[in-house]
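Shown next, in structure tokens, is the structure this report addresses.
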Amino acid sequence: ATAVKRINEQLNIPIAAAGIVTNGGKYVYVGLDNVSATERVGTALADLLDAKYGKGKWPADGKIVEIWGPAGISITDDRHKGFRNTFEPRLEENAGVEIVDGTGNWDPVTAFKVSSDLISRYGDKIIGVYTHDDPSATEGVVRALDLAGMQFPVGDPKHIPIVTYDGTKTGVQAVRDQTIDVITEQPSLGYATLVMHYL
């Protein structure tokens with residue numbers, strides 16, 4: 001926000017932002033609604049767990065892992081809020097199941113460390129995973145599960161459903177490889193085209 005305000009006041013040149021908002025200054029924003037996008041992710045994970053265990057029959061001591069993005073920014077808050085909007089009502093149908101949190105900061109190394117810690121704490125009680133970004137899923141969660149001997153392909157009865165939000169090349173490949181289940185795409189190429197159009 002400080003940089004945007006300085007450019008507004010001192011340089012008076014137009015600014016356009018793709019996918020990222022600030023809490024001050026004047027600029028054109030191009031991006032999707034992170035809340036509604038991740039509501040789809042919450043629904044997808046709940047549907048996967050219903051298909052695996054039966055509606056209202058998820059394991060009573062089950063843990064759902066949520067790996068957050070960086071704290072204190074609107075995108076992280078929105079990706080959390082959207083997921084919870086649709087997932088929490090379904091969670092209420094399954095007594096005893098709870099969400100456990102870790103912060104991955106959109107960094108694969110951090111996400112791996114956090115995922116490894118959660119796996120060591122909860123082990124086979126983990127029944128589902130949601131990450132705020134693809135790298136936290138593909139390089140963090142999947143790698144940590146693999147090292148713990150808990151990573152199985154989609155369709156295997158032992159597979160832990162993993163859902164995420166982005167649509168990166170690596171993430172899409174992970175869906176093809178059947179290591180993660182669902183990605184809601186963030187159409188970044190569309191952002192870039194529209195940003196340049198408005199500028």
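Count residues from 1 along the sequence.
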**Report entry** CA sep, side-chain torsions, deciding dist, call: Ile99, Phe87, side chain to side chain contact (heavy atoms under 4.5 Å, CB included)
**Finding:** CA-CA 10 Å; Ile99 299 174; Phe87 192 80; 4.0 Å; yes
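- Note that the CD atom of Glu92 and the CG atom of Asn94 stand 10.5 Å from one another [nearest 0.5 Å].
- A donor-acceptor contact shorter than 3.5 Å is absent between the side chain of Tyr53 and the backbone of Ile127.
- Using a 4.0 Å cut-off between charged side-chain N and carboxylate O, Glu139 and Arg143 make no salt bridge.
- Residue Ile180 holds its CD1 atom at 12.0 Å from CG of Leu145, rounded to the nearest 0.5 Å.
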Requested in this report: Check the pair Val65, Ile67 against side chain to side chain contact (heavy atoms under 4.5 Å, CB included), reporting the backbone distance first and the verdict last.
Outcome: CA-CA 6 Å; Val65 171; Ile67 304 294; 3.6 Å; yes
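- Taken to the nearest 0.5 Å, the OH atom of Tyr27 stands 13.5 Å off from the CG atom of Leu199.
- For Asp133, the side-chain hydrogen bond (donor to acceptor under 3.5 Å, both in side chains) partners two or more places apart in sequence, or in a different chain, are Ser136.
- With respect to Trp68, the side-chain hydrogen bond (donor to acceptor under 3.5 Å, both in side chains) criterion is satisfied by exactly one of Thr76, Asp101, Thr131, Thr103: Asp101.
- Looking at Phe152 and Gln178, their side chains never come closer than 4.5 Å, going by heavy atoms from C-beta outward.
- Put simply, CD on Glu9 and NZ on Lys26 are 9.0 Å apart, with the number rounded to the nearest 0.5 Å.
- With hydrogens and angles disregarded, no donor-acceptor distance shorter than 3.5 Å links the side chain of Asp78 to the backbone of Asn34.
- Between the Thr38 side chain and the Val41 main chain, no donor and acceptor come within less than 3.5 Å of each other.
- Asp156 places a side-chain N or O within 3.5 Å of a backbone atom of Lys158 that can act as its donor or acceptor partner.
- In this structure, CZ in Phe83 is found 15.0 Å from OH in Tyr165, a value given to the nearest 0.5 Å.
- A distance-only check finds no donor-acceptor pair linking the side chain of Tyr122 to the backbone of Ile64 [under 3.5 Å].
- Ion pairing between a basic and an acidic side chain is recognised when a charged N comes within 4.0 Å of a carboxylate O; Glu39 and Lys81 show no such pairing.
- A distance of 10.5 Å separates CD1 in Ile162 from CG in Leu48, rounded to the nearest 0.5 Å.
- Panel note: side chain Lys63, backbone Gly123; no donor-acceptor pair is recorded below 3.5 Å.
- A centroid separation of 6.0 Å or more is found between the aromatic rings of Trp106 and His132.
- Looking only at distances, a side-chain donor or acceptor of Asp33 sits under 3.5 Å from a matching main-chain atom of Val35.
- Annotation for Leu32 and Ala37: closest pair CD1-CB, 3.8 Å, computed over non-hydrogen atoms.
- Every residue two or more places apart in sequence or in another chain that forms a side-chain hydrogen bond (donor to acceptor under 3.5 Å, both in side chains) with Arg90 is listed here: Asp47, Asp50.
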Report task. With salt bridge (Lys or Arg N to Asp or Glu O under 4.0 Å) as the test, would you mind laying out the steps for Asp117 and Lys113 before giving the verdict? Result -> CA-CA 6 Å; Asp117 179 56; Lys113 289 177 182 174; over 6 Å; no
